[in-house]
There are 2 protein chains.
Amino acid sequence: MPWEKSFKESVVIEQAMEVFWEKGYAATSISDITDATGIKRGSLYNAFEGKHDLFVRGLLKYGYDRRTSNLRMLETVDDPREAITMFFNSLVKATLDDPDKKGCLLFNTALEYSSHDDDVKQLVTDGIKEIVTFFEGRIRCGKELGVIPDSVDTRPTAKALVALVVGIRVLGRGAFGRTALRQVAQQAIDMIS
Amino acid sequence: MPWEKSFKESVVIEQAMEVFWEKGYAATSISDITDATGIKRGSLYNAFEGKHDLFVRGLLKYGYDRRTSNLRMLETVDDPREAITMFFNSLVKATLDDPDKKGCLLFNTALEYSSHDDDVKQLVTDGIKEIVTFFEGRIRCGKELGVIPDSVDTRPTAKALVALVVGIRVLGRGAFGRTALRQVAQQAIDMIS
DNA sequence: CACCGTATTGACCGATCGGTCTAAACACCG
DNA sequence: CGGTGTTTAGACCGATCGGTCAATACGGTG
């Protein structure tokens, strides 16, 4: 190998993902990405297949770094009800702390649906299914441990919780302020109480 | 007035709005609109200020035709709890019936946030506030009539219901099927039962 | 008919789009 | 040192972007 790359692919993917996250896929140009990364156009196309490829890899990285790893961590919390509470609290916190109001890349992508190929749609569906499964698992576990009432209907509740997550993320981009977001989160927690 | 326009502005706005709805603002080109309407480029710019103007007017029309008028109608229903139920049922039905999975223009716009000017953001915020107000009014009325329990916390519940509406519309674009959407809608109705 | 004023049309604008390609820069090998 | 293979830099590509404009078509008025 005669010459090393001057950049790490994973770093460029992360930076490009941030741009897609902020502006959306359709509104992001290659020039936006070269500006944000400092990578020249030719180098970028030498390392990646193109805009679509870059986006998919960014979406995957986002999925792991900000969703999967977080859910796995929460699954280690002893009290499943507490895990769900923590999930919503950190969700609201993350939404309020973001000055750019970027929302969630996964859901942003879900609403740019028609701009994307089937592989991206599949990633979105899988990501959402992952959250549903998390809630289902925690609710089921909580019922076994007696910290969540048996009257809670596991699967419908899990799906409704995901819908509330989507709502928080979308409305948190501008329409709802901190009070409203916290009220919604509290209602979510009340659903399993 | 020597010569009449060959098209009705309101019809063109409606058609353009459909395109924006389906593809999103950033991904829609003027050519897409001229193709969809049959209006030539020059005529379009003679009648409207430009892409942004056309979008805003479409968003306003959408807001009235598909939201405001519907909410006003539901407010005439005797039983407020039934009105909310009807709202969610027709929401799910509309989501399932749409073969293009366009979702809701208002929420789609909410997630294209950074692509838009402040006036569009304001329209989105106003539209969402309108739905919150509708739910608040119906819940309050329902509590007075005794068809909604006093234990329901009016304002947080109204906001959570809106979050669920957003969730249904977003997830209905692909991630959730009819069963899941109906389960979420049922959970929404259960929140006021 | 001529004239006026608006609507329509399609060519046209510079800018930017995603993507390509060549030539120079470079680290390794002999 | 001269090859060799990869990365880099940036000029360049045709296509398309949102928007403009001058020429033309037309109805109303004298």
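Just the heavy atoms: all of them, side chains too, but no hydrogens, waters or symmetry mates, feed the values below.
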Apply salt bridge (Lys or Arg N to Asp or Glu O under 4.0 Å) to A:Lys121 and A:Asp117, showing your working. CA-CA 7 Å; A:Lys121 296 181 184 179; A:Asp117 297 345; over 6 Å; no

Interatomic distance, B:Arg173 atom CZ to A:Thr125 atom OG1 [nearest 0.5 angstrom]: 12.0 Å

Any chance the rings of B:Phe135 and B:Phe88 have centres within less than 6.0 Å? yes

Looking just at side-chain N and O atoms, do A:Ser10 and A:Lys61 make a donor-acceptor pair shorter than 3.5 Å? no

Integer-rounded Å distance: C:dG19 P and A:Leu54 CG: 10 Å

Write down the distance between CG (B:Asp53) and P (D:dT20), rounded to a whole number of angstrom. 12 Å

From the list A:Asn108, A:Thr28, A:Asp32, side chain to side chain donor-acceptor pair (under 3.5 Å) with A:Lys23 holds only for A:Asp32

So what does A:Phe48 hit on the nucleic acid, given a heavy-atom distance under 4.0 Å: a base, only sugar-phosphate, or nothing? nothing

Taking the six-membered ring of B:Tyr45 as reference, does the NZ or CZ atom of B:Lys51 fall below 6.0 Å from its centre and within a 45° cone about the axis? no

In whole angstrom, what separates A:Lys40's NZ from C:dA25's P? 16 Å

Return a single string for nucleotides 14-19 of chain D, one symbol per nucleotide in 5' to 3' order, where B is base contact, S is sugar-phosphate-only contact and - is none, cutoff 4.0 angstrom on heavy atoms. ---SBB

